Amino acid sequence: MAVAADLTHRLRQGAEYTLIPLGALVVSAALFSVFLLGLGKSPQQFFELMWRGGFGTAFSWQNTLQRAAPLVLTALCVAIPARIGLVIIGGEGALVLGGFAAAAIAIPMIGPVAAGSLPVALMLGVMALAAALAGALWIGFAGWLRHARGVNETISSLLLTYIAIAILYFFVEGALRDPGSLNKPSTPPIGAGAMLQPIPGTDIHWGLAAGALLAVLLHLLMTRTTFGFAMRVTGGNPRAARAQGLPVGGLLVAATMIAGASAGLAGFFEVAAVHGNANASLVAGYGFTGILVSFLARHNPIAILPVAILFGGIAAAGGLIQRRMGLPDATVLLLQGVIFVVLLASETLYGRIAWLQPKRSGAP
Amino acid sequence: MDALITVLMAMVGGAIRVSTPFLFVSLGECLTEKSGRINLGLEGTLVLGAMVGYMASFETGNPWAGVIAAGLAGFVMGALHGGLCSLQRVNDVAVGIALMTFGTGLAFFFGKPYIQPSAPRLPSIPLADWTGIPHLADALRINPLFFLGIALALLMAWAFRTTRIGLIVRTTGDSAAAARAMGVSVIGVRVLATAVGGIFAGIGGCFLSLYYPGSWNEALSSGQGLMAVALVIFARWDPVRCFLAALLFGAAGALGPALQSVGVTQGYYFFNAAPYILTLLIMIASAKGRLAMRSMPGELTISR
Amino acid sequence: MSRGPLSRRTLLTSVAASGVAASGLAQTVGTALAQTNITVGILYVGPRDDFGYNQAHAVGAAELKKVPGVKVVEEENVPETIAVQRSMESMINLDGARLILATSFGYFDPHMLAMAAKYPRVEFRHAVGLWDQAKHPQNAGSYFGYLDQAHYVNGIAAGLVSKTKKIGFIAAKPIPSVLRNINAVLLGARKNMPDATVQVVFTGDWSLPVREAEATNALIAAGCDVITCHVDSPKVVVETAERRGVMTLGHNASQASLAPRGFVTGAEYKWETIYKGFADNLAKSQKLPNWVRGGYDLDYVRNTAYGAAATDGVRRACDTAIAELKRGAPIFVGPIKDNRGNTVIPATLDNYAPPLEGINYLVEGVIGSIT
């Protein structure tokens, strides 16, 4: 009996977490259709293209997943501190600095790797480590400022982003510029042979797999360990946490360091798997999109994956819609805006739809 | 010496020219946060206000019609935020970020046909033309919105301190229970405060398109709205300090170009980042955790 | 306007003049393009109507659309990230594009090169990039108009109209194509005003309207009475300078209408010459040239029609300079020192000289630093 009740409970809860977002997507599509009709465009064509460009073919899926990859990592940069009650919006800076650190530390190793005297894997490992460390220190600094000086982490992480971009540009166009990079100032390329190869059989880089793995690990960390428990307690009520003797400051810094490391890794993959060097293309707004992904996923690391894929899919279909329907590129931005607003508004329905509620029988 | 004067004049001029959007947006956010809500989406409102203001000015030929239209657009965005966040379990920070995307999307989508044309701009008041000193005359050719912003800041500071409306907003922001005990509709106050805050942000946006730099394009805002929201925390929820913060930010922003123009040319990336570096340093130096916490409205989601 | 055959001839001339592409390469009849109907995909980094760089390309692309059998698909605001590769691939896979024109600096390496290797039957051409036959796929290539020639004419005009002998230049980033234009303005100005200087402000990015306006004001405060720029969209710079009552020189596209009082002339790309050449190749099922470079000699650049601030003397001097450039007169006449005193160009360089594509210095007389 108890097992069966538990199962229905989980099923109903699962149904709630599936049906409400799906319903919200349908409502957003309906709203956007009205908008398109008002412009004299065909909603049917729009959503067909959306499907085709984002999810309809194997190519579209790869396109979608590639765009989703950096978003998973930057969303984690928001989700983990959110659990402890911090609003970090500086993931962009950690990504930029992480990518820069990876490219910078690789410079002395490029020659030996090309000559075969240093294994490629070692260089990539060091690069990944440097990226994670740079990101961790950067966002960790915001966490430490919050703890030690009472500086609000939202504003300090945003300010640090602009400073990180200035650091990148200063070095990329100055001391660390590859003389061969003419009209796109960049650090020296790590070399085609040293680039991280895509996941076999696809064009998708390992950043997606790393993001998924990290999301699962962080989910386990948050739900199954005392560390995660302590973080959640602190997030719920810092004063009570302190009264219980929890090391609140250490937890704050740890959470922000994990977050920064995650965004820093996103920078590593941009360098090692996409560009082969660090340049202004690192500043692509992935960090800012990650904020939205995390909030839509309600800071749940596992939920970040589907939300990031939804984002990637919409972005992937954007080009096709521009080309086929003569709609401006901002159409996609607008659709994203409508979907997010409706999705967030739909959160009010949780616990309100009677037949989705678990029966209270036997529950404590 | 000449160079120093040029740089100082440029910073004074820059403070006046560049500060207005920061001022309006931060005042709008200040009002919203005082009522207990955070609207992180004022960047979207700013961009939409810039586009709508430019469009209205172009279509009517009257820049003040643009200001009104921008204010209306901001009102709609603010009311939308206020309304959505009044639903149970809906997170105001998240809705703000979603509305940032929505507002920017609307502005870019409908703004395409207005990138090319030139719309009538707001006039400026020549305060120092009589001196006959060209630098001074240029630095003190000031837009009326700047004065409107100062008046607004003083008015808000006065209202928060001494009026009943100010008391209601502050109470709603500090303790919903206390506000209810006063017989105030907490949701009503917050929706209204967010909507009015939206008006300010919309007007701040149209300053960009109608005065300085004075045209509409998609790169017009480089995060001014987001930064202005952050400045409210820096200004510790005080309207007058919002004004000072905006001035400081504008002056620091003029530093990079001004230094290069007098021949201090190395390291311009860091001079260009001066507003951010300076703000961070001031926050680190002056942050007294408890003081900041004391002025923070108690109902804010980030304070819990 | 140039005719098709003329344009094809000019393309070949440019290939020969560059000396980079192997002879005969351009004459090879490509099989990949031997189709009557062809789709061309174009990617822009910003909005198509920006009064600047992207608009100049879009105007040129409009010429392509007029060619029978050519269908053009366009995407704007494509960031220089993995999105470039996916957009190109989407154009190829879903729209059947057989020619891709990538118009932004950052699209070339690694994005366009990766796609060219992956899709050998599709032709890729990149604006500005430096295609190298030894290193890069044979179905890739690059094209560019030497805008420094038009900026040199801008400089000549500035040297005649400036009273303060100071010219302000608002630049986005210290990269060779920008530095080359700055240097050309200085060299042009010094033709008639040996003590002219060019004061540079780098804004740090391609489109930052507020900082561009601040830079304009700062340069005017520092005494510059002629302002020009190299940013993606010069609208803000030209309008701000006009309001302050100083003279302006345009960049990328025509900004003459924005400054009815102070506009002198401007440096404009004429991408349509190149694009019409491509269209002509396509119509005849010929392989596109891999290396297209040229300036006034090939009608790839022009100066904007003179504005109100251009006196008769200015017009005459500019017309003369343009006529000389058409005959191939060099701009970088050696010896030239940089603004730190090093001799950077010992002997006169031809306008096609490869070292000019890698300029990493500001010449003597330019006040500014690239770091």
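Everything quoted here is computed from the prediction, not taken from an experiment. Numbered from 1 within each chain, the chains take letters A, B, ... in sequence-line order.
Of the atoms belonging to C:R48, not a single heavy atom falls under 4.5 Å from chain B. Looking at C:N77, the atoms closer than 4.5 Å to chain B (heavy atoms on both sides) all sit in the side chain, from C-beta outward. When heavy atoms are compared at a cutoff of 4.5 Å, B:P117 approaches chain C solely by way of its backbone atoms N, CA, C and O. Residue C:I170 does not touch chain B at all, counting heavy-atom pairs closer than 4.5 Å. Looking at C:E212, neither its backbone nor its side chain comes within 4.5 Å of chain B, counting heavy atoms on both sides. Residue B:R141: no heavy atom, backbone or side chain, is found under 4.5 Å from chain C. For C:S233, no part sits under 4.5 Å from any heavy atom of chain B, backbone or side chain. Only the side chain of C:L208 comes within contact range of chain B, with heavy atoms under 4.5 Å apart. At a 4.5 Å heavy-atom cutoff, the contact between B:N272 and chain C is made by backbone and side-chain atoms alike. With a threshold of 4.5 angstrom between heavy atoms, B:L259 does not approach chain C through any atom at all. B:Q266 touches chain C through backbone and side chain together, each having a heavy atom under 4.5 Å away.
B:Y212 contributes no side-chain N or O that, together with a main-chain N or O of C:T240, makes up a donor-acceptor pair within less than 3.5 Å. In this structure a side-chain-to-backbone donor-acceptor pair under 3.5 Å is present from C:Q199 to B:Q260. Not a single donor-acceptor pair under 3.5 Å links the side chain of B:K112 to the backbone N or O of C:D49.
Counting heavy-atom pairs closer than 4.5 Å to chain C, the top-ranked of the candidates B:S215, B:G13, B:S221, B:G14 is B:S215. If you tally non-hydrogen atom pairs under 4.5 Å between each of C:L258, C:V210, C:I367 and chain B, the highest count goes to C:V210. Interface summary for chain B: among C:P209, C:A213, C:A218, the most heavy-atom pairs under 4.5 angstrom belong to C:P209. Per-residue counts of heavy-atom pairs under 4.5 Å with chain B were compared for C:D205, C:L219, C:D232, C:N217; the largest is that of C:N217. By number of non-hydrogen pairs under 4.5 angstrom with chain C, the leading residue of B:A219, B:G267, B:G263 is B:A219.
Taking CD of C:E239 as the reference point, atom OG of B:S118 lies at 4.5 Å (rounded to 0.5 Å). Residue C:L362 holds its CG atom at 9.0 Å from OG1 of B:T265, rounded to the nearest 0.5 Å.
Minimum interatomic distance between C:P47 and B:I115 (heavy atoms only, all atoms of both residues): CB-CD1, 4.2 Å. Here the closest heavy-atom approach between residue B:A254 and residue C:E214 is recorded as CB-OE1, 3.2 Å.
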Exercise for the section: Kindly determine whether C:K235 and B:N217 satisfy side-chain contact (heavy atoms from CB on, under 4.5 Å), including the steps that lead there. Expected result: CA-CA 10 Å; C:K235 190 182 184 200; B:N217 66 64; over 6 Å; no
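The side-chain heavy atoms of B:P257 and C:T203, taken from C-beta on, include no pair separated by under 4.5 Å.
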